[in-house]
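Below you'll find the structure, written out as structure tokens, and then a few comments.
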Amino acid sequence: MTNSNSQEIQLAAAVQLGWRMVELYARLTGGPVEGLPPADDTLGPSEQLELQLAAAAGLARRAGAGSAADHLESIVAGALADASGREVVSEELCREIRTCHVEVDKCLWAATRGWAAA
């Protein structure tokens with residue numbers, strides 16, 4: 001494992017740990033804690049969607065699906081507008097996210113096929 005890869009893994013773990021701690025404090029106090037980011041479930045629908053898209057894009061990039069990560073990042077602005085004030089997103093946005101999912105699968109399949117050939 002390269003030093004850069006090790007650092008990325010540590011950084012990802014640190015961020016995930018930070019969010020877990022936020023969740024813990026929110027559960028202990030019954031809501032957001034001043035000075036800490038809000039827990040996921042205290043965010044509005046569009047903010048939760050933005051968080052999930054950003055998280056998916058980051059994971060896709062770390063998994064080696066860079067084009068899919070770019071695609072996910074590119075739909076954030078449209079997704080926020082789509083989700084604004086609604087609990088359910090449009091069919092168009094659902095199709096776009098499904099397209100990204102297929103793209104992730106293809107990228108990962110191609111990468112693992114390359115590993116098998118190596």
Run the salt bridge (Lys or Arg N to Asp or Glu O under 4.0 Å) test against D105 and tell me which residues pass, sequence neighbours left out. none
So, taking the atom named [atom1] in [X] and the one named [atom2] in [Y], what distance separates them when rounded to the nearest 0.5 Å?
X   : Y    : atom1 : atom2 : result
E92 : I97  : CD    : CD1   : 11.0 Å
E91 : E96  : CD    : CD    : 13.0 Å
T99 : I75  : OG1   : CD1   : 8.5 Å
S67 : K106 : OG    : NZ    : 10.0 Å

Minimal heavy-atom distance between R61 and G66, with the atoms involved, is NH1-O, 3.7 Å
Closest heavy-atom contact between E103 and A68? OE2-N, 3.4 Å
Same apolar cluster (I L V M F W Y, side chains within < 4.5 Å links), L59/L108: no
Is there a path of hydrophobic side-chain contacts, each under 4.5 Å between heavy atoms of I, L, V, M, F, W or Y residues, that connects V76 with L72? yes
Side chains of E73 and L53 in contact at under 4.5 Å (non-hydrogen atoms): no
